[in-house]
A.B. asks: 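Let me give you the structure first, and then I'll get to my questions.
To find a chain, count down the sequence lines: A is the first, B the second, and so on, and within it residues start at 1. In this text the structure is predicted, and so the values were computed from the model without any measurement.
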Amino acid sequence: MFKIIIPKAPFDFKKILKRMSSRNNNNVLINEENLSLQRIVTIDSQPTLLYVTFQGDIDHPLLKVHIPNNTSRIQQEKLFQLVRHMFSTECDLLKCYDSLSGSPYLKPLINQFYGLRLVLEPSLFEAIAKLIIYQQINTTFAAELVNRLMTLTAEEVEVEGNCLPIFPSPESIAKLSYNQLRRISFNQRKAEYVIDFAQNIVEGKINLDHFWKLTDEEIIQILSNVRGIGKWTIECTLLFGMGRLNILPAGDIALRKVIKNVWGLKQTPSEKDVEKLGHNWSPYKSYASYYLWCSAKLF
DNA sequence: GACCAGGATATAG
DNA sequence: CTATATCATGGT
């Protein structure tokens, strides 16, 4: 059993998968040849296999979502909604490109990444926890820390011979001790940030489900008061965790370096320089940030 | 071995 | 309000 979801065109699933592969997350199983993706998502606090394949082409895209056994209608609908959310199927990219293509620096990127959409984590908690882990250290090491964390909490589901790790729930992380994370090479602060954040969620001091109704500014207000979450993490939460469209993490070191190269600057621009460059990318600053970021790694 | 990584905080001036 | 030390490990 499966259901077809029709994303807005243009929609390039190959580029989307390539982007996901470059982030080497162990809890996502990607097959770039079949254009398929598998991972475990949580629906009604129940681990559920998400298995998506792609058919059609960039301008006539079809996402085929497999329906797991023993799921109710309501759970199925939540799963489909999650897929739309994860792959930003409803975003009007043409309008976005129209707005950004005024910049001669961005136009080549739009051609290069045409049809590439934001890829969001299925869970906002997972997105924020990972962002805290990704602060400051190089991305391969950060990905390794995430993998070690998943090994530590040891939740996984076997699917057709493949073990798919599950990113731990807030409850699961909240139970850990700082020393457990230190043993897998978290520094003391990172261990505190991640565990304390999870405890905030468990105790209900922060309600992430409520965030979807809030404006960017209201979310900034709430997250600013959380230890371990600063400007960069908030901006990335809005962008990569929630898919908000007008975010430019101007202080990000990777973004600043790409801009230096793309603009041919002598030295790396400051955060304020980047903000000035991007001030007329509204209301689609997020896709400018995203495509610049992607061009940094050449995926 | 130095220096930097898709930062944040505490502290001092 | 700006400047600086600190974190800790892996890649270059």
A.B. asks: Round to the nearest Å and state the distance from A/Lys231 atom NZ to B/dA8 atom P.
C.D. replies: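 Spelled out: NZ on A/Lys231 to P on B/dA8 is 10 Å.
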A.B. asks: Closest nucleotide of DNA chain C for A/Ile137 versus for A/Thr140: which of these residues is on the 5' side?
C.D. replies: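 The residue closer to the strand's 5' end, by nearest nucleotide, is A/Ile137.
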A.B. asks: Would a single hydrophobic cluster contain both A/Ile74 and A/Leu50, if residues Ile, Leu, Val, Met, Phe, Trp and Tyr are joined by side-chain heavy-atom contacts under 4.5 Å?
C.D. replies: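 Result: no, two separate clusters.
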A.B. asks: Once you apply a heavy-atom cut-off of 4.0 Å, does A/Gln135 come out as touching a base, just sugar-phosphate, or nothing?
C.D. replies: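 Sugar-phosphate contact only - A/Gln135 comes under 4.0 Å of backbone atoms but never of a base.
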A.B. asks: Please confirm whether the shortest side-chain N or O distance from A/Thr139 to OP1 or OP2 of B/dG6 is below 4.0 Å.
C.D. replies: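 The answer is yes; a side-chain N or O of A/Thr139 sits under 4.0 Å from OP1 or OP2.
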A.B. asks: In this structure, how many angstroms lie between the P atom of C/dG10 and the CD1 atom of A/Ile133, rounded?
C.D. replies: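 The answer, rounded to whole Å, is 15 Å.
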A.B. asks: When you compare C/dT6 with B/dC4, how far apart are their C1' atoms, in angstrom units rounded to a whole number?
C.D. replies: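 Those two atoms are separated by 15 Å.
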A.B. asks: So for atom CD, which belongs to A/Glu171, do other residues, nucleotides or ligands contribute more than 12 heavy atoms lying within a distance under 6.0 Å?
C.D. replies: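 Buried by this count: over 12 neighbours within 6.0 Å.
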A.B. asks: Could you check whether atom NZ of A/Lys3 has more than 12 heavy atoms from other residues, nucleotides or ligands sitting under 6.0 Å from it?
C.D. replies: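 Yes.
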A.B. asks: Report the nucleotide, chosen from B/dG6, C/dC7, C/dG10, that has the shortest atom-to-atom distance to any side-chain atom of A/Phe141.
C.D. replies: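 Nearest nucleotide to the side chain: C/dG10.
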A.B. asks: Is the distance from OP1 or OP2 of C/dT9 to the nearest side-chain N or O of A/Arg183 less than 4.0 Å?
C.D. replies: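 Negative; the distance criterion is not met.
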A.B. asks: Got more than 12 heavy atoms from elsewhere within 6.0 Å of NZ, A/Lys175?
C.D. replies: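 Result for NZ/A/Lys175: open.
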A.B. asks: Separation of A/Ile128 atom CD1 from B/dG6 atom P, in whole Å?
C.D. replies: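 After rounding, the gap between these two atoms is 21 Å.
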A.B. asks: Is there any ring pair (Phe, Tyr, Trp, His ring centres under 6.0 Å) pair reaching into residues 88-109 of chain A, and which pairs are they, with sequence neighbours excluded?
C.D. replies: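 Those involving residues 88-109 of chain A are A/Tyr97-A/Tyr114, A/Tyr105-A/Trp263.
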A.B. asks: Nearest whole angstrom, please: distance from the P of C/dG10 to the CD of A/Gln136.
C.D. replies: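 In whole Å, C/dG10 P lies 15 Å from A/Gln136 CD.
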A.B. asks: Where along residues 221-228 of chain A does a heavy atom come under 4.0 Å from DNA chain B, residue by residue in number order?
C.D. replies: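 Heavy-atom contacts with DNA chain B come from A/Val226, A/Arg227, A/Gly228.
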A.B. asks: Identify which nucleotide among B/dG6, B/dA8, C/dG10 has an atom closest to any side-chain atom of A/Ile253, counting heavy atoms from C-beta outward.
C.D. replies: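 Side chain of A/Ile253 sits closest to B/dG6.
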A.B. asks: Looking at A/Phe54, is A/Lys64 sitting on its ring face, NZ or CZ under 6.0 Å from the six-membered ring centre and within 45 degrees of the normal?
C.D. replies: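 Negative - A/Lys64 is either too far from the ring of A/Phe54 or too far off its axis.
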A.B. asks: Closest heavy-atom contact between A/Arg117 and A/Ile16?
C.D. replies: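 Where A/Arg117 meets A/Ile16 most closely, the heavy atoms are N-CG1, 3.9 Å.
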A.B. asks: For the pair made of CG in A/Asn138 and P in B/dG6, what is the distance, rounded to whole Å?
C.D. replies: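 The answer, rounded to whole Å, is 6 Å.
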A.B. asks: With nearest nucleotides of DNA chain B determined for A/Leu255 and A/Ile229 from heavy-atom distances, which residue corresponds to the more 5′ nucleotide?
C.D. replies: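 Per heavy-atom nearest nucleotide, the more 5' residue is A/Leu255.
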A.B. asks: Starting at atom CG of A/Leu145, determine the distance to atom C1' of B/dG7, rounded to an integer number of angstrom.
C.D. replies: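 Distance, rounded to whole Å: 14 Å.
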